[in-house]
Number of protein chains: 2
Amino acid sequence: MNRKPSPDHLLLDQQLCFALYAASRSVTGLYRPLLDPLGLTYPQYLVMLVLWEQDGLTVRELGQRLQLDSGTLTPLLKRLEAAGLVSRQRRKEDEREVDIRLTDTGLALRDQASGIPECLAQCMQLSLDQMQTLRDELKRLTRQIQLSQRED
Amino acid sequence: MNRKPSPDHLLLDQQLCFALYAASRSVTGLYRPLLDPLGLTYPQYLVMLVLWEQDGLTVRELGQRLQLDSGTLTPLLKRLEAAGLVSRQRRKEDEREVDIRLTDTGLALRDQASGIPECLAQCMQLSLDQMQTLRDELKRLTRQIQLSQRED
DNA sequence: AAAAATTGAATTGTACACAATTTAATTTTG
DNA sequence: CAAAATTAAATTGTGTACAATTCAATTTTT
């Protein structure tokens, strides 16, 4: 009567969070050999994706897009700058803001990256449809969590 | 004729990887206020989950379960030891292996953690069924990726 | 307009991740 | 059995994450 059953809810394999955490690191690992030749880490690749889509954003705008703060982005962007892929310039209009722009080298790197998404899709063995569904579920989850956090 | 259209495949919002990465960090963020009172970080919580399920594993076995290597686990376990939650002992049978065991404090912490999974489920606004489906899709993805990586 | 509040980056400090190397213990081989 | 190979942790080094603080620039208030 003193022995309670192990609480199933605390079993690792039951956790959605761990499935997410493991899947995320696992996917990052898939990118590594593809990004190594470009001299990029995975988070750096994400920054480049944003800039290839829209060049000339501030650190704050990049942070909003990627959900990362300056503590993460500032050193990362300095590394991209050191690698010659982006430039960092204080804005004339507001000296608090720092403008991040692709260099020619940074822009040119896009061509080398263009094959990566398809390569990844292959490895994951998901149909385009399955990928979109999963992606959209994850986006919904992220949005929901961010909503629930604003309520504090 | 020299202008090619922006390759849709490189758009951030198209990326499953980013949806995963964002969702994972977002969920970890949800755990933070719940784990803070227990003095645990999220990866430390995962280690505790494993030990609550099966006590007395080696670093290697913990690593297999969580897909983490000793470079991550050794310092993490030292912090758990410093917090008085686990003990680290070389195995008599094989001095290369280090046995990780819950202390009484570590075991007792399970009760304080037992409400966390339900709390999380609430925040995520997913039915039990949706959660299981998503979790299983992610597990399948992780397994698939690990298979595709062994092929190198 | 001057003081107070706000904002955007940068900095500081802690804690992962993970590749690569090192060290010590055990197994396997010649 | 001794040398070589293997194995498990630990260590080293780089690069995120993220909370908290600092600093400078801009806005808002009084």
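Throughout, protein chains are lettered first and strands after them, A, B, ... in sequence-line order, and every chain is numbered starting at 1. No hydrogens, no waters, no symmetry mates; every other heavy atom, side chains included, goes into these values.
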Task: Along DNA chain D (nearest heavy atom to each residue), the more 5'-positioned of A:Asp94 and A:Leu68 - done: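 The residue whose closest nucleotide sits nearer the 5' end is A:Leu68.
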Problem - DNA chain D: 5'-proximal contact among B:Glu97 and A:Gln44 (nearest heavy atom) - result: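 It is B:Glu97 whose nearest nucleotide is closer to the 5' end.
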On the nucleotide [N], are OP1 or OP2 found under 4.0 Å from the side-chain N or O atoms that [X] carries?
| X | N | result |
| --- | --- | --- |
| A:Arg88 | C:dA10 | yes |
| A:Thr58 | C:dA9 | yes |
| B:Lys78 | C:dC16 | no |
| A:Arg90 | C:dA9 | no |
| B:Arg32 | D:dA19 | yes |
| B:Arg79 | C:dC16 | yes |
| B:Arg60 | D:dA8 | yes |
| B:Tyr42 | C:dA15 | no |

Report the distance from atom [atom1] of [X] to atom [atom2] of [N], rounded to the nearest whole Å.
| X | N | atom1 | atom2 | answer |
| --- | --- | --- | --- | --- |
| A:Gln64 | C:dA9 | CD | C1' | 14 Å |
| B:Asp99 | D:dA10 | CG | P | 12 Å |
| A:Arg96 | D:dT27 | CZ | P | 6 Å |
| B:Leu35 | D:dC18 | CG | P | 14 Å |
| A:Arg91 | D:dA24 | CZ | P | 22 Å |
| B:Leu73 | D:dA10 | CG | P | 10 Å |
| B:Leu30 | D:dC18 | CG | P | 12 Å |
| A:Leu46 | D:dG15 | CG | P | 16 Å |

(message) Using a distance-only criterion (donor-acceptor N/O pair, under 3.5 Å, no hydrogens), is the base of D:dA10 paired with the side chain of B:Ser70?
(response)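 Yes, a donor-acceptor pair under 3.5 Å.
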Categorize B:Leu76 for me: base, sugar-phosphate, or nothing, with a 4.0 angstrom heavy-atom threshold over every strand shown.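 Sugar-phosphate only.
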Original post:
Looking for any heavy atom pair under 4.0 Å, which part of the strands does A:Thr41 touch: base, sugar-phosphate only, or nothing?
Top reply: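 Contact class for A:Thr41: sugar-phosphate only.
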Could you tell me whether a side-chain N or O of A:Trp52 sits under 3.5 Å from a main-chain N or O of A:Gly106, the two making a donor and an acceptor?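 The answer is yes, because a donor-acceptor pair under 3.5 Å joins these two groups.
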Query raised in the report: Which residue lies toward the 5' end of DNA chain C, B:Glu95 or A:Tyr21, if each is placed at its nearest nucleotide?
Result: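 Residue closer to the 5' terminus by nearest nucleotide: A:Tyr21.
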On DNA chain C, nearest-nucleotide positions of A:Thr28 versus A:Gly71: which is more 5'?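 Nearest nucleotide further toward 5': that of A:Gly71.
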Note to self: Evaluate A:Asp13 against B:Arg65 for salt bridge (charged side-chain N to carboxylate O under 4.0 Å, His left out), listing each step before the verdict.
What the structure shows: CA-CA 10 Å; A:Asp13 288 337; B:Arg65 199 88 173 75; 3.4 Å; yes
- Check whether any side-chain heavy atom of B:Met48 sits under 4.5 Å from a side-chain heavy atom of B:Arg110, and report yes or no.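 The answer is no, as the side chains (C-beta and beyond) never meet within the 4.5 Å cut-off.
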**Q.** Qualifying residue for side-chain contact (heavy atoms from CB on, under 4.5 Å) with B:Ile100, from B:Leu57, B:Leu62, B:Asp55
**A.**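 Considering B:Leu57, B:Leu62, B:Asp55, a side-chain contact (heavy atoms from CB on, under 4.5 Å) with B:Ile100 is found only for B:Leu62.
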Using 30° and 60° as the class boundaries, would you call the ring planes of A:Tyr45 and A:Tyr31 parallel, tilted or perpendicular?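 If you compare the ring of A:Tyr45 with that of A:Tyr31, the planes turn out tilted.
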Are A:Glu97 and A:Arg90 close enough for a salt bridge, meaning some N to O gap below 4.0 Å?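 Judged by the 4.0 Å cut-off on N to carboxylate O distance, A:Glu97 and A:Arg90 do not form a salt bridge.
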